[in-house]
Number of protein chains: 4
Amino acid sequence: METDNAAEQQHEGEQWIEELLAISQEEKMTPKQIAILEAAIEIFSDKGYSAAATSEIAQKAGVAEGTIFRYYKTKKDLLLSIVGPTMSRMIAPFVMRNFDGVLDGPPESYEAFLRAFMVNRLEFARKNFKILKILIQEIPFQPALREQFAENVLGQVLERVTAITEHFKEKGEIIDMPTPAIIRFTVSSVIGYLLARLLFLPDSDWNDEEEIEQTLAFMLYGISGPAVRPETK
Amino acid sequence: METDNAAEQQHEGEQWIEELLAISQEEKMTPKQIAILEAAIEIFSDKGYSAAATSEIAQKAGVAEGTIFRYYKTKKDLLLSIVGPTMSRMIAPFVMRNFDGVLDGPPESYEAFLRAFMVNRLEFARKNFKILKILIQEIPFQPALREQFAENVLGQVLERVTAITEHFKEKGEIIDMPTPAIIRFTVSSVIGYLLARLLFLPDSDWNDEEEIEQTLAFMLYGISGPAVRPETK
Amino acid sequence: METDNAAEQQHEGEQWIEELLAISQEEKMTPKQIAILEAAIEIFSDKGYSAAATSEIAQKAGVAEGTIFRYYKTKKDLLLSIVGPTMSRMIAPFVMRNFDGVLDGPPESYEAFLRAFMVNRLEFARKNFKILKILIQEIPFQPALREQFAENVLGQVLERVTAITEHFKEKGEIIDMPTPAIIRFTVSSVIGYLLARLLFLPDSDWNDEEEIEQTLAFMLYGISGPAVRPETK
Amino acid sequence: METDNAAEQQHEGEQWIEELLAISQEEKMTPKQIAILEAAIEIFSDKGYSAAATSEIAQKAGVAEGTIFRYYKTKKDLLLSIVGPTMSRMIAPFVMRNFDGVLDGPPESYEAFLRAFMVNRLEFARKNFKILKILIQEIPFQPALREQFAENVLGQVLERVTAITEHFKEKGEIIDMPTPAIIRFTVSSVIGYLLARLLFLPDSDWNDEEEIEQTLAFMLYGISGPAVRPETK
DNA sequence: AATGAATGAGGCTTCATTCAT
DNA sequence: TATGAATGAAGCCTCATTCAT
């Protein structure tokens with residue numbers, strides 16, 4: 001964590017590099033390849049995939065134009081090499097048993113589960129912000145991405161999340177409403193927070209802990225005041 | 001409503017044309033100009049602004065490529081001519097007094113207000129879905145759009161919505177939480193519904209009335225079940 | 001003459017219009033056609049023939065784009081309609097007997113002839129400056145113009161000027177040097193003055209009468225000073 | 001000189017290439033870049049800058065159209081890269097001390113100076129004829145060129161030439177007439193010769209040495225014959 | 001006679017990709 | 001392995017010219 005913060009302060013927004021370095025050791029990436037990815041993320045994120053020029057990426061990476069195409073057959077390959085693995089890591093917690101890494105054991109309560117989930121994914125989103133931006137921008141236009149997304153997220157993740165949701169519904173912690181709706185509500189709320197936090201107002205003073213608690217309270221109890229709460233009549 | 005649905009079935013996703021035709025009568029658009037806009041919306045929405053070729057737009061519109069540039073000085077002009085006016089109409093209800101057109105009078109309750117708002121904006125989003133998609137995709141890359149968005153939405157709309165929210169907070173219909181957070185929660189939930197309804201699963205069988213009621217219930221009372229509701233302990 | 005000066009002061013550099021109006025009465029030009037010529041001269045002169053757009057000419061002339069092509073089949077036609085007649089008028093004095101209009105009778109002396117010639121052609125060049133600029137710019141690129149120029153100037157004019165020059169050579173007023181060289185010297189000197197006067201330094205204070213006398217003195221006696229004059233040794 | 005003539009006969013009008021090759025060795029031009037310049041000079045000179053198509057230049061140079069833009073960002077850049085350096089070399093003799101390269105020492109007489117100057121600049125103009133043609137054609141329309149011309153020629157050269165002229169005026173070799181007029185006379189005469197020699201009648205049989213002497217005689221003593229020479233009366 | 005909407009060929013320029021070094 | 005010169009297809013845009021009104 002401390003080294004993490006240090007890295008963040010050194011060059012804000014490039015925290016993804018630690019993840020990438022981990023991969024690079026496994027997959028034997030050369031420094032040039034890393035530089036290319038780093039530059040590509042920056043420029044894809046800034047200008048969009050279509051408007052980004054490979055020549056500009058090469059320049060920013062400090063390599064020759066041709067070098068990019070030694071590592072990635074096409075520009076689209078480069079894009080997929082960036083967002084593909086991130087997509088896998090994005091949904092990693094869901095495909096592990098018992099949400100390893102998110103929860104150390106089986107979640108005691110739905111609230112605890114949601115809280116752990118938010119903390120964990122906020123951290124992830126912060127570290128991979130630029131890549132996620134590229135992913136969101138390009139999913140509508142890249143069938144390859146859409147497919148991978150559909151298979152993984154709408155396939156595996158939804159299945160897993162549905163199971164969890166229904167588990168807590170049976171335990172009475174969640175009201176009796178169609179599971180898809182419940183998932184939609186929670187996902188909307190969490191993503192709403194992430195977008196506000198990282199995209200729309202990244203420079204505000206955010207008290208993450210407090211905001212997460214408020215968002216949790218909203219998801220669980222809504223925003224109705226005493227005047228309309230049935231139980232307080 | 002019925003004619004609306006008929007139109008939808010005729011050519012799905014081109015409902016915007018009725019809005020546009022209304023404008024065309026006011027602003028005297030020629031059939032060719034309408035065809036250009038129609039084609040541009042389709043192609044921008046499908047491939048993204050940067051990846052869309054003016055030659056393809058011309059072909060789809062059934063005009064010569066040069067004709068596009070008689071009406072719009074540049075490709076970017078064409079983009080702005082599409083999303084600019086839509087942006088204005090997007091926020092139109094917020095800048096009217098008492099939400100004319102959304103509510104006939106001042107809203108009796110926060111719930112009634114939210115319900116009217118959702119119905120109204122869902123209708124709007126449905127009619128302008130492709131343009132809204134273009135708008136969302138391009139806002140990050142087009143300073144001109146960002147500016148207009150910041151001025152209008154973050155300027156006028158937030159001010160208006162804040163006032164309404166605080167009005168109902170004072171009346172006790174909304175719990176005592178920071179207004180920005182409350183706005184974030186409601187906006188997230190509404191947009192979450194719109195996206196699921198129109199973008200992610202447009203082909204599902206949606207019972208809009210019921211979904212809206214459920215979303216309202218979520219926003220007001222949350223998803224906690226009897227096991228955790230404080231008052232039922 | 002007085003009206004002439006008045007016109008000059010009204011809008012400097014458009015004196016050609018009087019010549020044009022004279023023609024228009026003969027050739028029945030409509031006001032629109034005159035406006036087109038006027039605009040074309042301005043724009044051809046400013047940006048060059050190739051870089052001038054017919055649309056800009058139409059706009060400046062206050063006519064529709066198509067109207068130009070009712071009077072002139074092509075853009076090149078328009079050019080030729082401007083410079084062709086001016087070319088004829090440029091050499092007009094040479095093809096008249098006894099230089100009518102330049103000299104009232106046969107020239108008494110070579111000096112008198114040169115003086116009258118300079119005064120007369122300076123006046124002409126001043127009135128037709130923009131057209132002459134177009135002519136000089138385009139002669140290298142327009143075979144039609146080159147042909148007309150070769151036929152008229154190198155044909156008729158040179159013949160006439162040669163005759164005059166040799167007439168005065170026989171009378172001993174001009175030294176015994178090849179006639180082509182003599183013509184070259186005088187033409188260079190006269191044109192050199194015209195260019196300096198009208199093109200390079202049009203805003204200087206010019207005393208035309210004095211400058212013409214000095215140029216005459218140069219042509220006749222050169223610039224050698226007493227130290228090298230043979231006769232003054 | 002002989003090799004020079006040989007080159008001229010091989011491909012007429014491309015003598016500039018020797019100058020360019022000298023530069024290319026210093027500035028490391030590739031053969032393709034030289035071919036592009038060569039083709040551009042030819043075509044700009046033939047059709048004028050505006051009417052020249054980069055596609056035609058590429059074809060004549062034997063390269064792909066895109067290659068031009070690797071070396072020159074824009075078509076205008078290509079133009080400036082051709083005429084800019086030539087402009088510098090055009091005035092080079094004037095900015096050197098004592099006219100190095102034109103005169104070996106300080107000029108003994110005004111006549112000797114003028115003779116050396118004519119020989120030297122005729123040689124230069126012959127070698128750079130096409131580029132000079134482009135320069136003259138485009139100066140009125142290219143502010144960048146006009147500026148450079150004004151700064152260099154009207155700035156440095158005039159100053160230098162004025163000094164020389166006044167030097168010889170003091171020595172009595174030049175008559176007492178305003179210096180600007182004297183400069184105009186000489187420049188007109190020299191340029192008149194160059195144009196006749198290279199532009200108007202390049203195919204005549206020219207005896208350069210004799211023509212230069214005659215032109216010198218004209219500049220110094222004029223064309224008046226014995227009948228009107230004051231001193232011979 | 002005059003218009004101006006429409007055309008489409010052609011202009012300049014960009015850029016992903018290749019390949020000889 | 002890495003380079004970067006070279007490519008040429010494709011992109012955006014201009015403009016002379018036509019033609020129905």
Side-chain angles (χ1 to χ4, degrees), chain A residues 30-33 35-36 49-59 61-79, chain B residues 30-33 35-36 50-59 61-78, chain C residues 30-33 35-36 49-59 61-79, chain D residues 30-33 35-36 50-59 61-78:
Chain A
T30 67
K32 277 197 198 269
Q33 191 169 4
I36 289 168
Y49 168 76
S50 276
T54 51
S55 61
E56 196 183 352
I57 294 171
Q59 195 183 14
V63 303
E65 289 188 49
T67 305
I68 291 177
F69 294 90
R70 293 200 67 74
Y71 290 107
Y72 307 96
K73 247 180 88 65
T74 66
K75 187 186 170 190
K76 192 162 290 175
D77 252 32
L78 176 55
L79 172 67
Chain B
T30 68
K32 288 221 152 119
Q33 190 170 2
I36 290 168
S50 277
T54 52
S55 60
E56 196 182 351
I57 293 171
Q59 197 180 15
V63 301
E65 200 170 355
T67 304
I68 292 177
F69 295 93
R70 281 191 65 76
Y71 291 106
Y72 307 96
K73 258 180 82 67
T74 65
K75 188 186 170 192
K76 191 162 288 172
D77 250 34
L78 177 56
Chain C
T30 68
K32 275 194 200 285
Q33 191 170 1
I36 290 168
Y49 170 76
S50 276
T54 51
S55 62
E56 197 184 349
I57 292 171
Q59 196 182 16
V63 303
E65 291 189 47
T67 304
I68 291 177
F69 294 91
R70 292 199 67 76
Y71 291 107
Y72 307 96
K73 249 180 86 68
T74 65
K75 188 185 171 191
K76 192 161 288 174
D77 253 32
L78 176 55
L79 172 67
Chain D
T30 68
K32 287 222 151 112
Q33 190 169 3
I36 289 168
S50 276
T54 52
S55 61
E56 196 183 351
I57 293 171
Q59 197 180 15
V63 303
E65 200 169 355
T67 304
I68 292 177
F69 295 92
R70 281 193 62 77
Y71 292 106
Y72 306 96
K73 258 179 83 65
T74 64
K75 187 187 170 191
K76 192 162 288 174
D77 250 34
L78 177 56

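No experiment lies behind these values; they were computed from the predicted model shown.
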### Query
When we call it a touch if two heavy atoms are under 4.0 Å apart, what does A/A51 touch: a base, just sugar-phosphate, or nothing?
nothing
### Task
Starting at CD1 of C/I57, measure out to OH of C/Y72 and round the result to the nearest 0.5 Å.
10.5 Å
### Query
Do the side-chain N or O atoms of A/K32 get closer than 4.0 angstrom to the phosphate oxygens (OP1, OP2) of F/dT3?
yes
### Message
Strictly below 4.0 Å: does D/R70 bring a side-chain N or O up to OP1 or OP2 of F/dA6?
### Response
no
### Nearest-Å distance for atom pair NZ/C1', residues D/K73 and E/dC15
13 Å
### Task
Rounded off to whole Å, could you give me the NZ-to-C1' distance for the B/K76 and F/dC13 pair?
15 Å
### Query
Nearest nucleotide by nearest heavy atom, which residue falls closer to the 5' end of DNA chain E, C/G62 or B/A64?
C/G62
### Query
OP1, OP2 of F/dC15 versus side-chain N and O of C/T54: anything below 4.0 Å?
no
### Below 4.0 Å: OP1/OP2 of F/dC15 and any side-chain N or O of C/S55
no
### Query
In whole angstrom, what separates C/I57's CD1 from F/dT17's P?
11 Å
### Between F/dC15 (C1') and C/L78 (CG): distance, integer Å
15 Å
### Query
What is the distance, rounded to the nearest whole Å, between atom CZ of B/F69 and atom C1' of F/dT14?
10 Å
### Query
Can you tell which of E/dC12, F/dT17, F/dT7 lies closest to the side chain of D/E65?
E/dC12
### Task
Identify the two heavy atoms, one from C/F69 and one from C/T54, that lie closest to each other, and give their separation to 0.1 Å.
CZ-CG2, 4.0 Å
### Query
For the side chain of C/E65 and the backbone of C/S55, is there at least one donor-acceptor N/O pair under 3.5 Å apart?
no
### Summary
A/Y71 atom OH is separated from F/dT3 atom C1', nearest whole Å, by 12 Å
### Query
Could you give the distance from OG1 (D/T30) to CZ (D/R70), rounded to the nearest 0.5 Å?
10.0 Å
### Query
In terms of the nearest nucleotide of DNA chain E, which residue is placed more toward the 5' end: B/G66 or A/S50?
B/G66
### Task
Determine the stems involving DNA chain E; a stem requires 3 or more consecutive pairs of the Watson-Crick or G-U wobble kind, each with both distances below 3.5 Å, and the answer is none if no such run exists.
E:2-21 with F:2-21
### Task
For D/A58, report the nucleic acid contact type (base, sugar-phosphate, nothing); a contact means any heavy atom under 4.0 Å.
nothing
#### Entry: Closest non-hydrogen atom pair between A/S50 and B/S50, with its separation
CB-CB, 3.4 Å
### Message
Starting the side chain at C-beta, find the nucleotide from F/dT3, E/dT13, F/dA16 nearest to C/K75.
### Response
F/dA16
### Query
Expressed in angstrom and rounded to an integer, what is the separation of A/I68 atom CD1 from F/dT3 atom C1'?
12 Å
### Task
Mark yes or no for whether C/K32, through its side chain, and C/A61, through its backbone, hold a donor-acceptor pair below 3.5 Å.
no
### Message
Using a heavy-atom cut-off of 4.0 Å across all strands, would you classify C/Y72 as base, sugar-phosphate, or nothing?
### Response
nothing
#### Entry: Flag, side chain of C/Y49 to backbone of C/K76, donor-acceptor distance under 3.5 Å
yes
### Query
When the distance from CD of B/Q59 to P of F/dG11 is rounded to whole Å, what number comes out?
11 Å
